[in-house]
Colleague: 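Following this message is one structure expressed as structure tokens.
Counting starts at 1 for both ligands and their atoms, following the listed order. Because the structure is predicted, anything quoted here is derived from the model rather than measured.
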Amino acid sequence: MTTSPDSRLQRAFSTDPESHKETDGQVDRLNLETIRQKGIYVIESPGDEHASVAGMLAKSGFEKILATTMRTDCGGASLIKALQKESCNFDLVLLDITHVGANGLELCSRIHNLKYFQDTPVIIIASKNIWHEDFIYSAFLAGAIDIVFKPVQRLELIPRVISSLLLKSERDLRKDHKTELENELAERKVIEARLQYLVSHDELTGLCNRRRLEQALETAVFHARRKQYTSALLYIDLDQFKIINDAEGHTTGDRFLMSIANELRREIRKDDILARISSDEYAILIENTTDDESLRMAEKLRRAIDEYRFSSNDKDYHIGASIGIAMLQPDEELTASEILARSAQACFEAKTHGRNMVHMFSHDDLETHIIRNAANWVPKIRDAIENDRLCMYYQPVVDVNSGGICGHEALIRMRDHDGQIITPEKFIPIAERMGLIRDIDFWVINHVIDVLSQLPEAYARQKININLSMFAFQDPALLPLVCNKLAATGVDASRITFEITETAAVSNYAHTRRMIKQLRKLGCCFALDDFGTGFSSFNYIKQFPVDYLKIDGCFIRNLIHDKVDQRLVKSMIDVAKTLNKKIVAEFVENEEILDLLKKYGIDMAQGYHIGRPGAELLLNRLTPS
Ligand code: C2E
Ligand code: MG
Ligand code: MG
């Protein structure tokens, strides 16, 4: 039933695509053909055959018209019944109320309450006799979008129909956008929740992991102080777990670790926090307890593990555990990591006293340990600083898209008297503890900027990343040092990227953030190192003024085989893209990892596969700038 379009409509909604060029996208997509495909439900009055509204619509080319005639029953009950049976959405209802009079408005509201008509605009068609401003007002209140008075003329009807259909389309579009946005937000929340779960639980046993334990410890420290009670942390190390792992393989080893987790679960109280903190180490946080109670609990756990028999391949295995206890006293100012270190120290003492024992931390143990360790290291570090035995190694970083080296990360080393190279894990933590880190941080800055300034002109835009300790960002001398050094050497600030770990960033958030902002003002860049290990909320990272996020190597190293890591890395890349930050992966140890990361959309990569840290910058592989 198609006739040629009304000439007025032709002008407004030409089907010629050229005529839409300047209009907005919405109208552009809604050409007359689309409008004519909209579903219209027409409810006519009996005896209107000669001036049928459905007929007029058909003449104007509308194709999806469902017409019915209003029966003169009490208030249109049979009509509502018929509409209730409809199971598809209509874009417009034309309701002729001539035969039901004022009841027509009631009918209009009832139509709006029907499942498939809730969002459908209704145009009322009414007799001219009923014309009254009150009536019109009530009709709009009843949900009508327009009113057409009889006798209906096609010339008047069609533009109104089209305008109502356009309005409806726009409303639908807006609703779709809103739903899309809501879905996106919900998805982001799910990603965050998933990340939070994954980063706080141990995949093998389902217990909390080290990170989650540290958080719980922080809360426990706060509780101990506020509620004035004592809590305890038990550090459990399985003695010679390696025997099972070596003899029976990793799968059996994993099974054993799970059963130990279950044994421990059985013994603890409902509110105690049980965590697996490394391959064969567990920890239990017990709040509101006493020294004696926690000693009794530790002894009970030690005995349970001692009596436990694990069978594999017809062999029974018996394993012991060394347990260290550290107490959280209400009046002692300790951080979570200090308490963890104390319990580990006590566990170490239990081991050295013969294994399968419980030992409670005592200051004497710690002092002897620290003193023993520091006594060895402090003079060595001092000597290295003073006698130029610190040196830098450089690891190349590639731009994954171009494949070219885009910079290097500077990694400190120490040379001992025999010329042996010592890696930073051995001396940086002690330097941090013993107040020597400031000298190291400042030495690194001076050294790296000197190296940059001495590069041949052809490499005058090469960049180097510098790792700084968390103390550096709280040191007011840092800014003038960087400023003066850059000025003295003429090195452009944009060639330096400072790396800061997530934990360092959190430790004195406001202060660190301020310092970073000032250094960025100079032109230096910033990278959040070890991203993912102290996973803070999306919002927090959003506010942190860094240019790069560096995914920690522990998520990358097993990427090919570890599905959890794959999910995490994808989510981290997703977070970085949303925040408009570049994302870097470290520990890229083979081609397969690099390929997968490329597929995920990583920006930069570094690792043994690309280049091991070495004493020289890889100038031969650099593209001169
Ligand atoms: P980081 O900044 O996360 O450095 C990455 C570490 O991963 C480096 O260890 C690097 O040698 C190692 N690595 C790189 N690629 C791979 C790989 O493919 N596989 C494996 N297994 N390891 C890889 P490094 O040099 O021992 O440094 C350890 C940490 O010491 C650094 O972690 C950083 O936090 C700190 N550090 C290094 N240099 C400095 C420095 O100059 N100043 C300060 N304050 N800290 C530094
Ligand atoms: Mg680093
Ligand atoms: Mg790192």
Side-chain angles (χ1 to χ4, degrees), residues 381 384-385 389-398 405 407-415 420-451 463-475 478 481-482 496-505 507 512 525-535 546-560 565 569 572 583-594 596-597 602 604-615 618:
I381 302 172
I385 299 172
R389 279 188 297 96
L390 291 178
C391 59
M392 295 315 284
Y393 271 32
Y394 301 93
Q395 185 175 37
V397 183
V398 288
I405 292 179
H408 285 82
E409 176 173 7
L411 296 158
I412 197 161
R413 301 287 182 266
M414 194 167 124
R415 251 181 285 116
Q420 292 273 5
I421 294 291
I422 303 166
T423 53
E425 290 101 321
K426 300 253 169 47
F427 62 93
I428 292 283
I430 293 183
E432 284 179 348
R433 245 193 125 101
M434 307 306 283
L436 296 169
I437 194 67
R438 183 176 197 263
D439 289 348
I440 295 184
D441 281 335
F442 285 14
W443 180 88
V444 172
I445 294 171
N446 278 314
H447 185 83
V448 169
I449 298 181
D450 279 338
V451 166
K463 297 178 172 179
I464 297 187
N465 286 23
I466 295 177
N467 291 282
L468 287 183
S469 73
M470 63 189 230
F471 302 99
F473 296 96
Q474 282 146 49
D475 191 332
L478 177 67
L481 173 89
V482 176
I496 307 280
T497 297
F498 290 111
E499 294 196 4
I500 175 169
T501 63
E502 219 176 327
T503 1
S507 73
T512 306
C525 297
F526 273 83
L528 194 62
D529 203 358
D530 305 345
F531 176 48
T533 51
F535 213 96
V546 295
D547 311 272
Y548 305 92
L549 300 179
K550 262 187 108 163
I551 304 177
D552 190 71
C554 70
F555 299 103
I556 305 293
R557 194 190 270 151
N558 302 317
L559 192 65
I560 298 298
D565 283 350
V569 168
M572 288 189 231
I583 183 124
V584 192
E586 54 180 18
F587 284 32
V588 176
E589 293 183 347
N590 55 51
E591 187 76 30
E592 267 179 298
I593 298 182
L594 185 61
L596 192 58
L597 286 167
I602 201 95
M604 283 172 255
Q606 71 182 89
Y608 292 168
H609 174 64
I610 290 141
R612 286 185 178 255
L618 290 186

Colleague: Does a donor on one side chain sit under 3.5 Å from an acceptor on the other, for S469 and D441?
Modeller: yes
Colleague: With a 4.0 Å heavy-atom cut-off (strictly under), which part of D530 contacts ligand 1: side chain, backbone, both or neither?
Modeller: side chain
Colleague: For R612, is the nearest heavy atom under 4.0 Å from an atom of ligand 1?
Modeller: no
Colleague: Within 45 degrees of the ring normal and closer than 6.0 Å to the centroid, is that where the cationic atom of R413 sits relative to Y393?
Modeller: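 Output yes; distance and angle both within limits.
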Colleague: For E425, take its heavy atoms, then give the atoms of ligand 1 lying under 4.0 Å from any of them.
Modeller: 26 (O)
Colleague: Within D530, is some N, O or S atom less than 2.8 Å away from the Mg ion (ligand 2)?
Modeller: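 Coordinating: no.
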Colleague: Considering only non-hydrogen protein atoms, determine which one is nearest to atom 7 (O) of ligand 1 and report residue, atom name and distance to 0.1 Å.
Modeller: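 Sorting protein heavy atoms by distance from atom 7 (O) of ligand 1 puts F587 CE1, 3.0 Å first.
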Colleague: Measure from the Mg ion (ligand 2) to each N, O or S atom of E586 and report whether any distance is below 2.8 Å.
Modeller: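 So E586 does not bind the Mg ion (ligand 2) by this criterion.
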Colleague: As an exercise, state the distance from CG of L468 to CZ of F526, rounded to the nearest 0.5 Å.
Modeller: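 Here the rounded value is 7.5 Å.
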Colleague: With carbon and hydrogen excluded and only N/O/S kept, which atom of D529 is nearest the Mg ion (ligand 3)?
Modeller: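 Sorting the N, O and S atoms of D529 by distance to the Mg ion (ligand 3) puts OD1 first.
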Colleague: Is there a side chain to side chain contact (heavy atoms under 4.5 Å, CB included) between N590 and Y608 once you walk through the steps?
Modeller: CA-CA 8 Å; N590 55 51; Y608 292 168; over 6 Å; no
Colleague: Could you tell me the separation between the CG atom of D547 and the OG1 atom of T497, rounded to the nearest 0.5 Å?
Modeller: 7.0 Å
Colleague: Please work out which of F471, Y608, Y393 has its closest non-hydrogen atom nearest to atom 17 (C) of ligand 1.
Modeller: Y608
Colleague: Answer yes or no as to whether an N/O/S atom of N467 is found below 2.8 Å from the Mg ion (ligand 2).
Modeller: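 True for N467.
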Colleague: Would you find a donor on one side and an acceptor on the other, under 3.5 Å apart, between the side chain of Q474 and the backbone of T512?
Modeller: no
